[in-house]
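Take a look at the structure set out below.
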Amino acid sequence: MTRFGSVTVVAIACVLSVSACTAPSQSGAASADALVLADGYELGGFNPVAGYGAAGEAKMYDGLVRIGGGDGLPPLEPGLAVEIPTANDDATVWTATLREGVVFSDGSAFDAADVVATYEAILDPASASEARSSFDMIDEVVAIDDSTVEFRLAYSYAPFPTKLLIGIVPSEAVAEPGLAAESPLNRAPVGTGPYVLVDLSPDRAEFEANDNYWGGAPEVKKLTLLYVPDDNTRAQRMASGEIDGTNLPPLLAQSLDGREGMSLSANVSADWRGVSLPTNSPVTGNRDMRLALNLAVNRQAMTDGVLGGYGRPAATPVPPVFGDSYEPTAVFEYDPAAARQILSDGGWIPGPDGIRTRDGQRAEITVMYNSTDTVRRDLAQAFASDAVAVGVEVTLEALSWDRIDPRIGVDSTMLGGGEEPFDADTQVYRTLDSSFVAPGVGSVYDNAADYSNPTVDAALDTGRRSLDPAVRAEAYREMQRAYVADPGYVFLVFLDHTYVSKDSDWTMSGPVLEPHSHGVTWGPWWSLQTWTRTS
């Protein structure tokens, strides 16, 4: 049985029809020094203080470090720091030496005061930054001199360099405390990055190369981003030759692959999809139910059907790309017979309609998913199908995020994660650590299941505090073994992010491990400033 709905099939048929009738233009922007890309994400919100570009993907900004490309876990490379910052013996003090001669896009000089001001603004409660809790290990940021910054931490934190990917803004831009969401930086960013925003409207953003960029002026001189929220519309505009590239769900991307003048590309990601199992629910709060649902789902069928093979099954939030920190035995085999037995042994008895009950509680749950996301929809449908086969009824609700948020603690949600996947700590801590169960700690998406496991907590704590790579790797393997014995979610898949681009004579960006965000700031364009002509 296929794992995608009829809506997707119809959409693909429409795209095929358009692309069959309209050949892509060979004289589009990709043949000059400009690109036009369509994205499914709203434009604006370009403020690092509010969390923009926390994984280092911002084109207008630089962090103190940046990610490198290649297969596997990406290395961190110097950015606005001349080398990767160094730590003291217990990783509570990190020292960064800054590049000299760097200027912001407004012409002002970059120095240590800007680094201090940026991080202080993120941590300032007056900013109400959504990123604040991600930087809660920072106790103080001090400018030792104009080119040296010292980060003093509240506790030992081995992966701290990953917190230096976020862009730096001029101190003048954050001199007055205020809400980050209302800062002029959201619509008029000022950074040291390779591109400068020159025009912005709700559906269009235009960027020009920063010819004074410290890393060298980019050869791609102009980038235009179009906001096109509908997947099918972006696919049709790609098929008609209107645009040079876009991000698409895998099945839509496959429908365009190999057509005249277009190619599909995919980047491996640590971006997972899974169903939260809130402990506050009388159904998913039951340990037998959580374990049975993990055994009931056919992850490989979802990978093959919903993702078109562009992804991998997931049992925990840790993907194989994490190497020694990945525990290969921490998996759930597809075993619906075992799932039924666990439920029966736990007192969940099938009723006349096949749905189980226990002490008068019917085994029925609601799974919410974002109404604009076709991949989440199709995964939710596949999950519901597998769950009912073992006697658990799943009602699906397609909702906007503002309607999902208030119910996350009670109803299950098709979630995604992996926002900062360049260390095991930033990949898993906010998803599984029980510190986020306390009211007011983190966001509603941090440990959305209110999961609590002392062994998992202890391993996560060891992993973030030790500087010994072997100790850290063993801690994360132990965490995964403990988690699969007592799961709090049904992790389903890790996605490969799929893109379609117009063929050109540019030497494009190579592969990179991508985070949860996967618009056209990633894909073949993630290091657009490094593109060169092949002839």
Side-chain angles (χ1 to χ4, degrees), residues 1-9 249-251 272-278 281 283-317 330-346 348-351 353-358 361-370 373-398 411-417 448-449 483-495:
M1 182 178 70
T2 57
R3 294 287 181 174
F4 48 90
S6 59
V7 174
T8 305
V9 176
L251 298 178
W272 54 261
R273 295 291 179 274
V275 178
S276 63
L277 303 176
S281 162
V283 178
T284 58
N286 178 261
R287 181 171 178 168
D288 293 326
M289 178 62 67
R290 297 196 302 268
L291 184 58
L293 286 172
N294 271 281
L295 294 170
V297 295
N298 191 338
R299 295 170 172 85
Q300 189 60 56
M302 295 179 188
T303 301
D304 295 339
V306 175
L307 304 185
Y310 286 98
R312 284 148 304 285
T316 79
V331 296
F332 295 102
E333 300 295 336
Y334 173 51
D335 194 343
R340 295 185 190 99
Q341 190 63 55
I342 288 171
L343 290 172
S344 294
D345 291 347
W348 294 95
I349 307 304
D353 61 354
I355 304 304
R356 297 172 181 268
T357 59
R358 178 179 178 269
Q361 174 63 54
R362 185 174 168 85
E364 55 184 355
I365 64 174
T366 295
V367 173
M368 304 178 291
Y369 65 90
N370 182 259
D373 192 320
T374 57
V375 171
R376 294 191 198 219
R377 177 201 66 198
D378 295 345
L379 287 171
Q381 290 173 349
F383 172 79
S385 176
D386 288 342
V388 77
V390 300
V392 180
E393 185 174 28
V394 176
T395 300
L396 301 179
E397 289 192 36
D411 288 320
S412 295
T413 310
M414 180 63 70
L415 294 171
Y483 172 82
V484 296
D486 178 25
Y489 299 72
V490 182
F491 294 104
L492 299 173
V493 294
F494 295 107
L495 283 67

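All heavy atoms count here, side chains included; hydrogens, waters and symmetry mates do not. What you see is a predicted model; the values in this text were computed from it and never measured. By convention here, the first residue in the shown sequence is residue 1.
- Remark: the backbone N or O of Val390 is paired with a side-chain donor or acceptor of Arg356 at under 3.5 angstrom.
- When all heavy atoms of Leu291 and Val484 are compared, the pair lying nearest together is CD1-O, 4.0 Å.
- With hydrogens and angles disregarded, no donor-acceptor distance shorter than 3.5 Å links the side chain of Ser385 to the backbone of Gln381.
- Scanning for side-chain hydrogen bond (donor to acceptor under 3.5 Å, both in side chains) contacts around Arg340 gives an empty result, with sequence neighbours left out.
- To the nearest 0.5 Å, the span separating CG on Leu379 from CG on Leu495 amounts to 7.0 Å.
- The distance from atom OG1 of Thr284 to atom OH of Tyr489, rounded to the nearest 0.5 Å, is 11.5 Å.
- Residues that satisfy the salt bridge (charged side-chain N to carboxylate O under 4.0 Å, His left out) test with Arg287, not counting sequence neighbours, are Asp486.
- Asp386 places a side-chain heavy atom less than 4.5 Å from the side chain of Met302.
- The closest side-chain heavy-atom distance from Trp272 to Leu492 is not below 4.5 Å.
- Residues satisfying the ring-ring contact (aromatic ring centres under 6.0 Å, His included) test with Tyr369, not counting sequence neighbours, are none.
- For Gln361, there are no side-chain hydrogen bond (donor to acceptor under 3.5 Å, both in side chains) partners, not counting sequence neighbours.
- When all heavy atoms of Ser412 and Val275 are compared, the pair lying nearest together is CB-CG1, 3.8 Å.
- The shortest heavy-atom contact between Phe491 and Pro317 is CZ-CG, 3.5 Å.
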Pairs of donor and acceptor atoms involving the side chains of residues 304-312, under 3.5 Å and at least two apart or interchain, shall be tabulated with distances.
| from | atom 1 | to | atom 2 | distance (Å) |
| --- | --- | --- | --- | --- |
| Asp304 | OD1 | Gln300 | NE2 | 3.0 |
| Arg312 | NH1 | Asp496 | OD1 | 3.0 |
| Arg312 | NH2 | Asp496 | OD1 | 2.7 |

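- Once rounded to the nearest 0.5 Å, the distance linking CG of Asp373 with CE of Met414 reads 9.5 Å.
- A search for ring-ring contact (aromatic ring centres under 6.0 Å, His included) contacts involving Trp348 returns nothing, not counting sequence neighbours.
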Go through it in stages, so that I can follow the logic: the residues are Ile355 and Arg362, the test is side-chain contact (heavy atoms from CB on, under 4.5 Å), and I'd like the CA-CA distance, side-chain angles, deciding distance and then a yes or no. CA-CA 7 Å; Ile355 304 304; Arg362 185 174 168 85; 3.5 Å; yes
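- Among all heavy-atom pairs drawn from Val375 and Pro249, the shortest one is CG2-CB, 3.9 Å.
- Checking side-chain atoms of Arg358 against main-chain N and O of Gly346 turns up a donor-acceptor pair under 3.5 Å.
- For the atom pair Arg376 CZ and Arg273 CZ, the distance stands at 4.5 Å (nearest 0.5 Å).
- To the nearest 0.5 Å, atom CG of residue Leu277 and atom CD1 of residue Ile365 are 6.5 Å apart.
- Of the possible polar contacts, none joining the Ser276 side chain to the Ala449 backbone as a donor-acceptor pair under 3.5 Å is found.
- Distance CG/Leu396 to CZ/Phe383: 9.0 Å, rounded to 0.5 Å.
- The minimum heavy-atom distance linking Val331 with Ala315 is given by the pair CA-CB, 3.7 Å.
- Closest approach of Ala314 and Arg299 over heavy atoms only: O-NE, 2.7 Å.
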